Amino acid sequence: MPEINKEYIMEEDVFVEFLRDIADAVEEDEQLNISLGDKKLAQPVGGETSLRIYQDSEGTEIGFLLNSE
């Protein structure tokens, strides 16, 4: 599996659609397929999801780890 380690800046409407795509894939226990500019992300989903929240004076960072069963 190729590694992706990049930060993306998104307009609000693009970000909302991105979150919907993730939620739909998790809800339907399907593989998540997303295009990220020149990269493509494919991730089986299902099972548990780990959530991390970090907050400081710059803002709040929310991260999650999608696991496959």
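Throughout, numbering of the chain's residues begins at 1 and tracks the sequence. Treat the numbers as computed from the prediction; the structure is a model and nothing was measured. For the numbers below, each heavy atom of this structure counts, side chains included, while hydrogens, waters and symmetry mates do not.
- With sequence neighbours excluded, the residues forming a side-chain contact (heavy atoms from CB on, under 4.5 Å) with D56 are Y54, E58, listed by chain and number.
- Partners of S35 under the side-chain contact (heavy atoms from CB on, under 4.5 Å) rule, at least two apart in sequence or in another chain, are K40.
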Donor-acceptor pairs under 3.5 Å, side chain of residues 13-22 to any protein atom, not counting sequence neighbours: which ones?
none

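- A search for side-chain contact (heavy atoms from CB on, under 4.5 Å) contacts involving E30 returns E28, not counting sequence neighbours.
- Residues that satisfy the side-chain hydrogen bond (donor to acceptor under 3.5 Å, both in side chains) test with Q31, not counting sequence neighbours, are N33.
- Remark: D24 engages no residue in a side-chain hydrogen bond (donor to acceptor under 3.5 Å, both in side chains) (not counting sequence neighbours).
- Inter-residue side-chain proximity for L65 and T49 is flagged as unmet; no heavy-atom pair is nearer than 4.5 Å.
- With sequence neighbours excluded, the residues forming a side-chain contact (heavy atoms from CB on, under 4.5 Å) with Q55 are T60, listed by chain and number.
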